Amino acid sequence: METVLEVEGLHTRFELDEGVVHAVSGVDLTIGRGEVLAVVGESGCGKSVMARSVLRLVDRPGRITGGHVRVRTDDGMADMVTADPRTVRAVRGSRIAMVFQEPMAAMSPMHTLGNQIGEAIRLHEPVTKAEARARVIDLLGRVGIPAPKRRVDEYPFQMSGGMLQRAMIAMALSCGPHLLIADEPTTALDVTTQAQILDLLRSLQQETGMAVMLITHDLGVAAQMADRVAVMYLGTVVEDGPVEDVFRAPRHPYTKALLRSVPKLGSGSRERLRPVRGMVPHAYRRPAGCPFHPRCDEFMAGRCDVRAPAPVTGPGRPGAVSCLLYEETTR
Ligand SMILES: Nc1ncnc2c1ncn2[C@@H]1O[C@H](COP(=O)(O)OP(=O)(O)O)[C@@H](O)[C@H]1O
Ligand code: SF4
Ligand SMILES: [Mg+2]
């Protein structure tokens with residue numbers, strides 16, 4: 001499968017007076033054409049900073065300090081980490097689009113939908129205002145906004161959260177992205193609206209064939225939507241693979257703990273739920289050795305607190321796991 005995004009050894013940190021926050025600490029992941037990858041993990045594990053790093057949208061004083069973010073463009077793969085501003089803008093405009101948890105924060109309160117989505121289109125394509133407006137009306141219809149000819153002249157504050165998220169998705173689609181990054185796109189919405197937005201994302205994905213990176217802390221959403229899943233803990237991917245493999249037979253103790261903390265997917269089982277023991281440590285107090293060791297049920301003293309595990313692949317299944325239990329070479 002052709003790769004649309006390849007993240008390798010990505011590091012992003014925030015240098016603060018209190019210390020250095022290692023928000024992203026060596027992330028490796030790839031997304032193939034048309035693939036849906038869910039990125040899961042508890043809050044604070046670096047999912048959002050990783051996603052923003054891909055588009056070079058990290059807030060100050062955040063800085064990418066290492067690694068590569070290779071994106072397929074018309075001229076081959078471009079590395080966003082070292083790309084010039086023109087290439088970065090071109091990737092944001094035509095290759096990768098992003099939607100956020102809070103659509104309001106990503107939209108201007110001062111402009112109508114027609115004006116802001118139309119401007120986004122005109123930034124990257126030589127179309128007239130009238131053409132852009134017609135495109136916006138078409139897009140609003142495609143994302144299921146009723147009466148798009150009227151809504152096009154509304155301001156964000158006139159819309160409900162769900163409608164605004166649809167408008168945000170319309171704006172993201174306006175550039176025909178090859179990859180859509182959706183960062184907790186339904187977390188701020190009520191359950192019914194959540195389901196509608198997920199359905200919309202899935203049908204748009206199928207219709208356009210774009211790849212999707214869906215960031216969610218909800219394992220049910222990941223199971224329902226994704227082909228593959230990457231589990232993040234403290235700035236690294238600790239396990240990845242096809243969603244059926246990872247959820248049916250998790251290998252990493254963190255993945256196992258996450259799965260025990262939610263109702264069995266689809267079974268309605270009454271097995272007692274156990275939250276993951278302890279808390280995510282703050283990213284400027286990253287434990288030595290395996291970052292998960294203070295919370296791990298399978299902790300091996302003298303090993304897990306000393307050496308950081310490297311990703312191990314196989315045997316017999318795609319994907320990798322970073323845990324010393326799976327490293328043959330450990331003594
Ligand atoms: N602007 C920022 N300044 C300082 N620290 C930040 C900033 N944004 C995120 N962080 C820190 O980076 C880590 C990862 O955060 P984030 O990517 O938002 O996690 P997630 O999306 O998985 O909940 C957290 O420890 C968070 O506190
Ligand atoms: S390396 Fe050790 S502490 Fe880390 S997840 Fe594996 S068993 Fe647990
Ligand atoms: Mg986040």
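As the structure lists them, so they are numbered: ligands from 1, and atoms in each ligand from 1. All of these numbers come straight from a predicted model, not from anything done at the bench.
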Any N or O of [X] that comes nearer than 3.5 Å to an N or O of ligand 1?
{"X": "M50", "answer": "no"}
{"X": "K47", "answer": "yes"}
{"X": "S48", "answer": "yes"}

Taking 4.0 angstrom as the limit and counting only heavy atoms of [X], give me the atoms of ligand 1 inside it, by number and element.
{"X": "G46", "result": "14 (C), 16 (P), 17 (O), 19 (O), 20 (P), 22 (O)"}
{"X": "C45", "result": "19 (O), 20 (P), 22 (O)"}
{"X": "H282", "result": "25 (O), 27 (O)"}

What residue and atom, counting heavy atoms only, is the protein's closest point to [atom], and at what distance?
{"atom": "atom 15 (O) of ligand 1", "value": "V49 CG2, 3.9 Å"}
{"atom": "atom 20 (P) of ligand 1", "value": "G44 N, 3.4 Å"}
{"atom": "atom 4 (Fe) of ligand 2", "value": "C290 SG, 2.3 Å"}
{"atom": "atom 7 (S) of ligand 2", "value": "E298 O, 3.5 Å"}
{"atom": "atom 2 (Fe) of ligand 2", "value": "C304 SG, 2.2 Å"}
{"atom": "atom 1 (S) of ligand 2", "value": "L324 N, 3.2 Å"}
{"atom": "atom 1 (N) of ligand 1", "value": "F14 CE2, 3.5 Å"}
{"atom": "atom 6 (Fe) of ligand 2", "value": "C323 SG, 2.3 Å"}

Taking only heavy atoms of L325 into account, list the atoms of ligand 2 that are under 4.0 Å away from them.
7 (S)
Looking at P253, which atoms of ligand 2 are within less than 4.0 Å of one of its heavy atoms?
5 (S), 8 (Fe)
State whether any protein heavy atom lies less than 4.0 Å from atom 26 (C) of ligand 1.
no
Using only heavy-atom distances, determine whether the side chains of [X] and [Y] contain a donor-acceptor pair under 3.5 Å.
{"X": "H217", "Y": "E42", "result": "no"}
{"X": "D153", "Y": "T112", "result": "no"}
{"X": "H293", "Y": "D305", "result": "no"}
{"X": "H22", "Y": "S25", "result": "no"}

Output yes if C296 passes the N/O/S-under-2.8 Å test against atom 8 (Fe) of ligand 2; output no otherwise.
yes
So, taking the atom named CZ in R89 and the one named CZ in R56, what distance separates them when rounded to the nearest 0.5 Å?
11.0 Å
For the CD1 atom of I31 and the CD atom of E2, what is their distance to the nearest 0.5 Å?
13.5 Å
Should the ring pair Y233 and Y254 be called parallel, tilted or perpendicular, given that the plane angle runs from 0 to 90° and is split at 30 and 60?
tilted
Residue pair L29, M50: steps toward the side-chain contact (heavy atoms from CB on, under 4.5 Å) verdict
CA-CA 11 Å; L29 58 82; M50 182 274 290; 4.1 Å; yes
Taking [X] for its side chain and [Y] for its backbone only, find out whether a donor-acceptor pair lies under 3.5 Å.
{"X": "R122", "Y": "V127", "answer": "yes"}
{"X": "R277", "Y": "C296", "answer": "yes"}
{"X": "E239", "Y": "P250", "answer": "no"}

Judged by non-hydrogen atoms, does G62 sit under 4.0 Å from ligand 1?
no
Identify the two heavy atoms, one from C290 and one from P294, that lie closest to each other, and give their separation to 0.1 Å.
O-CD, 4.5 Å
Out of S25, S43, A23, whose heavy atom is nearest to atom 13 (C) of ligand 1?
A23
Inspect the contact between E298 and K256 and indicate whether a charged nitrogen and a carboxylate oxygen are less than 4.0 angstrom apart.
yes
Check whether any N, O or S atom of H252 sits under 2.8 Å from atom 4 (Fe) of ligand 2.
no
V21, portion touching ligand 1 at heavy-atom distance under 4.0 Å
side chain
